[in-house]
Amino acid sequence: MLGAAASGIGSAASSAVGTLVGDEVYKYGKELFHDMSHKIDNDLENNYERLIEQAKKLYARRDDILAQAKTKQVTQVCEAWISRVMKSEEEVQELETKYKKEKSKRRPLSQLWNGSSESRAELNKSMAEKCEKLHNL
């Protein structure tokens with residue numbers, strides 16, 4: 001009889017330890033995921049700001065060249081460059097629209113677990129790549 005009581009106490013203690021460990025694992029996982037989500041948000045914000053700044057510089061350069069082109073003959077190379085800048089401008093506007101839409105979303109933790117952060121990560125990557133392309137134009 002004493003063995004059964006001891007077994008019951010051991011089982012209850014084991015269950016309590018399991019619950020505590022489970023709670024700690026849950027809390028750690030939640031904090032880790034929260035930290036990762038904030039990193040994506042911060043990177044997204046930084047890449048957005050870089051993208052917009054790079055785009056403004058490029059558009060200003062384009063506008064300067066177009067203003068000079070009014071008095072000079074524009075080469076085919078220059079025309080091709082202006083065309084690439086115009087196309088990039090449309091792509092930047094699309095990214096900006098996606099960014100603003102993504103920033104306005106409220107994302108409960110359950111959506112983050114179901115992959116909602118993937119769209120943010122993809123947008124972040126797209127903006128970083130576009131920023132690099134603008135820089136190289």
Side-chain angles (χ1 to χ4, degrees):
M1 182 127 170
L2 185 59
S7 174
I9 292 172
S11 177
S14 175
S15 178
V17 168
T19 300
L20 286 173
V21 169
D23 287 347
E24 288 302 312
V25 168
Y26 172 76
K27 286 178 188 175
Y28 177 74
K30 185 177 174 183
E31 288 175 15
L32 180 63
F33 198 78
H34 185 264
D35 291 345
M36 287 173 44
S37 174
H38 278 288
K39 180 170 179 13
I40 290 171
D41 285 347
N42 289 339
D43 288 347
L44 183 66
E45 183 72 28
N46 290 338
N47 280 331
Y48 173 75
E49 289 172 7
R50 282 183 40 229
L51 176 66
I52 296 304
E53 186 62 32
Q54 191 67 41
K56 285 179 182 177
K57 288 178 186 177
L58 185 63
Y59 304 154
R61 189 177 322 146
R62 177 204 53 206
D63 293 343
D64 287 347
I65 290 172
L66 286 172
Q68 291 175 1
K70 290 179 181 176
T71 61
K72 297 179 183 177
Q73 182 76 18
V74 178
T75 66
Q76 289 179 345
V77 171
C78 186
E79 285 179 3
W81 179 83
I82 290 170
S83 178
R84 288 192 308 272
V85 172
M86 298 292 234
K87 185 175 189 272
S88 292
E89 187 172 19
E90 292 171 10
E91 294 167 351
V92 167
Q93 288 172 349
E94 288 175 21
L95 286 172
E96 189 170 12
T97 299
K98 288 179 184 178
Y99 170 79
K100 289 177 179 177
K101 183 178 178 184
E102 192 64 36
K103 280 299 272 189
S104 69
K105 288 182 183 176
R106 292 281 179 210
R107 298 171 301 131
L109 188 58
S110 63
Q111 283 183 349
L112 291 173
W113 285 112
N114 293 328
S116 175
S117 64
E118 274 185 48
S119 64
R120 290 176 96 78
E122 283 299 315
L123 179 58
N124 187 28
K125 181 180 175 186
S126 295
M127 287 195 310
E129 289 171 354
K130 180 54 67 181
C131 189
E132 187 65 29
K133 286 181 182 179
L134 293 180
H135 178 74
N136 291 328
L137 274 178

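- Note that OH of Tyr48 is 11.5 Å distant from CD of Glu53, once rounded to the nearest 0.5 Å.
- Remark: the backbone N or O of Glu132 is paired with a side-chain donor or acceptor of Asn136 at under 3.5 angstrom.
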What do the steps show when you test Tyr99 against Leu51 for side-chain contact (heavy atoms from CB on, under 4.5 Å), and what is the final call?
CA-CA 11 Å; Tyr99 170 79; Leu51 176 66; over 6 Å; no
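- No donor-acceptor pair closer than 3.5 Å links the side chain of Ser83 to the backbone N or O of Glu79.
- Rounding to the nearest 0.5 angstrom, the gap separating the CG atom in Leu95 from the CD atom in Glu129 is 10.0 Å.
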Does the pair Ile82 and Met86 meet the rule for a side-chain contact (heavy atoms from CB on, under 4.5 Å), with working shown?
CA-CA 6 Å; Ile82 290 170; Met86 298 292 234; 4.3 Å; yes
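- A donor-acceptor pair is defined here as one N or O able to donate and one able to accept, closer than 3.5 Å; such a pair exists between the side chain of Arg120 and the backbone of Glu102.
- Nearest heavy-atom pair, Leu134 versus Leu58, reported as atom, atom and distance to 0.1 Å: CD2-CD2, 3.6 Å.
- Lys130 contributes atom NZ, which lies 13.0 Å from atom CG of Leu123 (distance to the nearest 0.5 angstrom).
- Summarising the geometry, atom CD belonging to Glu89 is positioned 10.5 Å from atom CD belonging to Glu96; distances are rounded to the nearest 0.5 Å.
- The closest side-chain heavy-atom distance from Met127 to Arg50 is not below 4.5 Å.
- In this structure, Leu66 CG and Tyr59 OH are separated by 13.5 Å, a value rounded to the nearest 0.5 Å.
- To the nearest 0.5 Å, atom NE2 of residue His135 and atom NZ of residue Lys57 are 8.5 Å apart.
- Note on Lys87 versus Glu91: salt bridge recorded, some NZ/NE/NH1/NH2 to OD/OE distance being below 4.0 Å.
- Salt-bridge check for Lys98 with Glu94: failed, with every basic side-chain N at 4.0 Å or more from each acidic carboxylate O.
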